[in-house]
Every structure is written in C-alpha cells, then in structure tokens.
Amino acid sequence: MEMMKRNFNMINFLRLKTSLPAGALGLLAALALAGCGREQVSQTAEPPAPNVAGDEVAFAAGAPQLDSIAVETAQPRTVAIKHVTGRLYWNDETTVRIFTPVFGRVTKVLADIGDPVSVGTPLAELDSPDYALALANARTAVGNLMAADKALQRTKELLAHGAYAQKDLESAEAAYIAALAERDRAKSVLLNYGGGDQIYSELERALADDRSEAAAGNYTGTNDTLNSRYVVRSLLAGVLVDKSINPGQEIRPDFQLASFQPETTPLFTVSDPTKLWLQVDVAEADLPSLEPGQPLHVYSEAYPGRVFTGTVDKIGDTMDPATRTIKVRGVVANPDKLLKAEMYVTVDMVQATDKLAGAGVEIPASAIFTMDNQYYLFIETSPGHFKRQIVKVGTEQDGKIPVFDGITAGQKVVTEGALLLQSIVNPAD
C-alpha cells in the first residue's frame, strides 16, 4: 500500500509540473498499479510443498501445516493391564460348603455368621430317622458278628472232639465272613454320615480286636432322642461366613443331589476371609502381558484411595467364544476383612520389574489409525520430519493404548494431525 501511495503521488506531481498528455498519464498510472499487484503476489505466495519419500514426509521450517500437528513422547509401560473389572469370591482352597447326607428336621442351630470354628465344631443338630437307621444297622451288624464269632469258636471246639463234621466248620466260617462283611458295610455308612456324637463309639466297638468287649449289654441302645440325633460339624477351620438353616426346617439330601432350589444352597459355608480369589476377564491382545505371580493392585469404590494387593494365580486355557476373553484368577490379601465376597473391584495388573524392557510403551489412542487391517502411527524423527510406522497394539483403556512393537520409549509420536500426514503420504486414500 505504501508503494501505491508513492506511485500516485508521483503521477500527481507529473500532472502539475509537466504538460504530458492525458494518455501518457494514464499509462503511468497503469504501470504503477501493475507494480503494486506484483508486490502483493510476492507477499502471499504459496509455501513450498512438503517433501514426500515413501513413508516419510518433511516440511520446511515454519510451514503452516505444522500448526495442526502435535507430538507426544511414548512412555514405558509400568502397568500391564489397567482398570479391568474383577469379581471377588471365596477361596475354594480354604472354603467348605456344608450339606447334610441325611434326611431330618433341624432341632438346634449351634453357630452363627462370623463365629470362628475349628475342625469338628458342632454347627447344628438334626432329628434324623436316616441316622437312627444307620445306628441300628451298625448295632445289628456287630451283634451278628458276635454271634458268628461265638458259633465259629464253638464249632472248632466240637470238631476237635469229633462232635462236628468238617462241613459244619466251613459253614460257620462262611457265616463269620458274611457277618464281618456286613459289619464293614455298616462302618462305611457311618463314615459317610460322619459327624454324629455316637458314630465314633459305635465304630470303636464294631472294630474292637477284643471281642469280649462286645457284650450284649453294651448294645442295649440308648433313648430314642439320642439314637436319631445327628450333629452337623465343620470340616475345616475358619470363619462361618454364611448359613441358610433355621430350627424346624426339614432337610432332604435327595433334593440337594437332584439340584432342586433352594435346597442346593449350602446349610453352612466356612471359609478364610483373609484370602479371597479374584476373577478377571482379559482380552486376547493382553495375554502377552500376563504371567503367574504377577502383582495386582485392587481398588474398591467402598475404600477410595486404598490399594489392596494380590498376585495372578492361574491363567485359563480356554477362551470364551462369546466375549473373546480369557479368565484369569488371582489371590487377594484381605487381612482386615474389608473386602467381601462377590464385590466388584477395579484391577491393575502391574508389570514385573524384570519384564519392563519388553513391556512396550503407552501412547494416546488418537495417535493410532488403521489401513488394510494394519495399525499405523507417525513418528517425528526430527523437527518437521515424520515417518509412518506399522505397530502392534493392545486394548485401549482410558484414552491410552499399549504398543508392543514398532516404537520404543522416548520416541515422539504424532497425537494430532496423523490423518493429515496420511493424506499427504497417500493422497488417494
């Protein structure tokens, strides 16, 4: 504009000081305007085009396209898998779910939720005809064994004096063996019922080597109430964490075996709540980051800011065909019993220190784009110079995505403007 003013001033000066014809003045004016136009064109000239060579593109310093491109440094991964949802449940290695093997009616409940128990602690009493029948069969078996034993001894004595034939001895021996087998069968039934107060004394009598102890007076029985009293006992030491039994309730083991509800619910559950199991469903792409013994950080909404620790215990061998995930089991320490079974928690699977070198890097997900079923990004090799790179990535979480192959920690990746660069490298795409 300044040049234009100077040109018009010159034309006016010539008009005043000279007697040039009007046509000459017009020619001078046109030349002045043309000079202004050339100056404006030179000031708004297009910047030089970027230099493209294969997968690389370079811009001249100060190119306006650089204002649309942002880069960020790739960071090493310290967490293998971040913020996956997990479910806590009882550790089956320290848990027992207690049912009853006999039919009966509940007469007493002897323990409540939260009570510490040891092996053999009475939990409930049942009035059970099944148990009474088992005791009666045990007494009958022992009585028959006593009679068969006496008959065998008498037959041997009479045979020695010539009063009995050999076949009589053989019959007595066969009767004794049958009685012994029946005693063993009764023993097995009582052992399967295990836990009643009278079971051990009955077995002690039935298995006694000194058969003189098995006098008839020892098997006169007791009152009907004690005969049918069956005691449900704990099979493990721990804490009673659940129960579904009430006085007067009828219990039927056949319903439990037939999977009827609600009878399939355990009468009692005894466990160790200081160690819980954790189940996490992990995506297929995250499998390379997992191994047994890997540390876990567990977070619960009930305790904000508190981190519970655990380890990976087992990695499943089967993939869920519906969700395309693999089940991973962990063990979580719960010394204060703050976490509860069936809680949902958030889990970070921490990368082991000796595995950090091969753990890959983490970058913003906006850096990744796809082409022909491949994942790509652009790396800034030097200021204004970029290179397209194929990468192997994991699952995106919280706007971040892990990269296992293709780049290393410390390299700068394009997080904004990757598609602009792609349109320059491949204009037809």
Side-chain angles (χ1 to χ4, degrees), residues 79-99 111-119 121 123 234-245 256 259 261-262 264-352 355 395 397:
V79 177
I81 303 174
K82 293 177 65 176
H83 302 338
V84 290
T85 300
R87 179 179 66 89
L88 297 172
Y89 60 108
W90 298 122
N91 183 339
D92 284 343
E93 293 179 350
T94 58
T95 300
V96 60
R97 295 167 179 84
I98 301 172
F99 298 88
D112 203 355
I113 293 176
D115 291 349
V117 298
S118 56
V119 177
T121 298
L123 303 177
S234 176
L235 304 178
L236 286 179
V239 176
L240 184 60
V241 296
D242 194 18
K243 72 181 182 73
S244 58
I245 185 172
Q256 295 168 10
S259 297
Q261 292 289 348
T264 50
T265 302
L267 302 180
F268 299 95
T269 302
V270 176
S271 186
D272 178 8
T274 62
K275 270 188 183 177
L276 298 176
W277 273 358
L278 168 71
Q279 179 180 306
V280 177
D281 293 333
V282 175
E284 180 180 0
D286 292 325
L287 276 180
S289 303
L290 293 178
E291 61 180 0
Q294 191 168 1
L296 300 176
H297 289 173
V298 180
Y299 308 89
S300 172
E301 291 184 356
Y303 308 102
R306 178 155 186 175
V307 180
F308 299 88
T309 59
T311 56
V312 174
D313 184 29
K314 299 289 183 181
I315 299 174
D317 295 322
T318 304
M319 178 173 289
D320 188 322
T323 62
R324 307 305 299 170
T325 58
I326 296 173
K327 296 188 182 303
V328 175
R329 189 180 77 195
V331 180
V332 179
N334 187 32
D336 299 326
K337 303 179 184 178
L338 298 178
L339 298 175
K340 309 299 180 184
E342 302 306 325
M343 261 188 177
Y344 283 97
V345 292
T346 302
V347 184
D348 286 349
M349 298 187 177
V350 182
Q351 189 66 55
K355 300 290 184 181
T395 304
Q397 291 176 336

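- Between the N334 side chain and the P273 main chain, a donor and an acceptor come within less than 3.5 Å of each other.
- With hydrogens and angles ignored, the 3.5 Å screen pairs no side-chain donor or acceptor of T311 with any backbone N or O of P292.
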Show which side-chain atoms of residues 111-118 pair as donor or acceptor with protein atoms under 3.5 Å away, not counting sequence neighbours.
| residue | atom | partner | partner atom | Å |
| --- | --- | --- | --- | --- |
| D115 | OD2 | D112 | N | 2.8 |
| S118 | OG | T121 | OG1 | 3.1 |

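- K340 is linked by a side-chain hydrogen bond (donor to acceptor under 3.5 Å, both in side chains) to nothing, counting only residues two or more places apart in sequence or in another chain.
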Pair H83, D348 - check side chain to side chain contact (heavy atoms under 4.5 Å, CB included), show working. CA-CA 5 Å; H83 302 338; D348 286 349; 3.1 Å; yes
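- Nearest heavy-atom pair, V270 versus S234, reported as atom, atom and distance to 0.1 Å: CG2-OG, 3.9 Å.
- One finds the CG atom of D320 at 10.0 Å from the CD1 atom of I326 (value rounded to the nearest 0.5 Å).
- The side-chain hydrogen bond (donor to acceptor under 3.5 Å, both in side chains) test applied to D242 returns no partner, not counting sequence neighbours.
- Residues G86 and V280 share a closest heavy-atom pair of CA-CG2, 4.0 Å.
- Annotation: side-chain hydrogen bond (donor to acceptor under 3.5 Å, both in side chains) contacts of D272 (sequence neighbours excluded): T274.
- Here CZ of R87 is found 13.5 Å from CE of M343. Values are rounded to the nearest 0.5 Å.
- Atoms CD1 and CZ, on I245 and F268 in that order, are 4.5 Å from each other to the nearest 0.5 Å.
- Within the structure, every pair that satisfies the side chain to side chain donor-acceptor pair (under 3.5 Å) test and touches residues 295-309, not counting sequence neighbours, is listed here: R306-D336.
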Give the C-alpha distance, both sets of side-chain angles, the deciding distance and a yes or no for side chain to side chain contact (heavy atoms under 4.5 Å, CB included) between L123 and K243. CA-CA 10 Å; L123 303 177; K243 72 181 182 73; over 6 Å; no
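- Sorted by first and then second residue, the side chain to side chain donor-acceptor pair (under 3.5 Å) pairs with a member in residues 89-99 read N91-W277, D92-R97, T95-S271; sequence neighbours excluded.
- Taking 4.5 Å as the limit, some side-chain heavy atom of K337 sits within range of a side-chain heavy atom of V239.
- Distance check: I315 CD1 to L290 CG gives 5.0 Å after rounding to the nearest 0.5 Å.
- With a 4.5 Å cut-off on side-chain heavy atoms, K327 and D281 count as touching.
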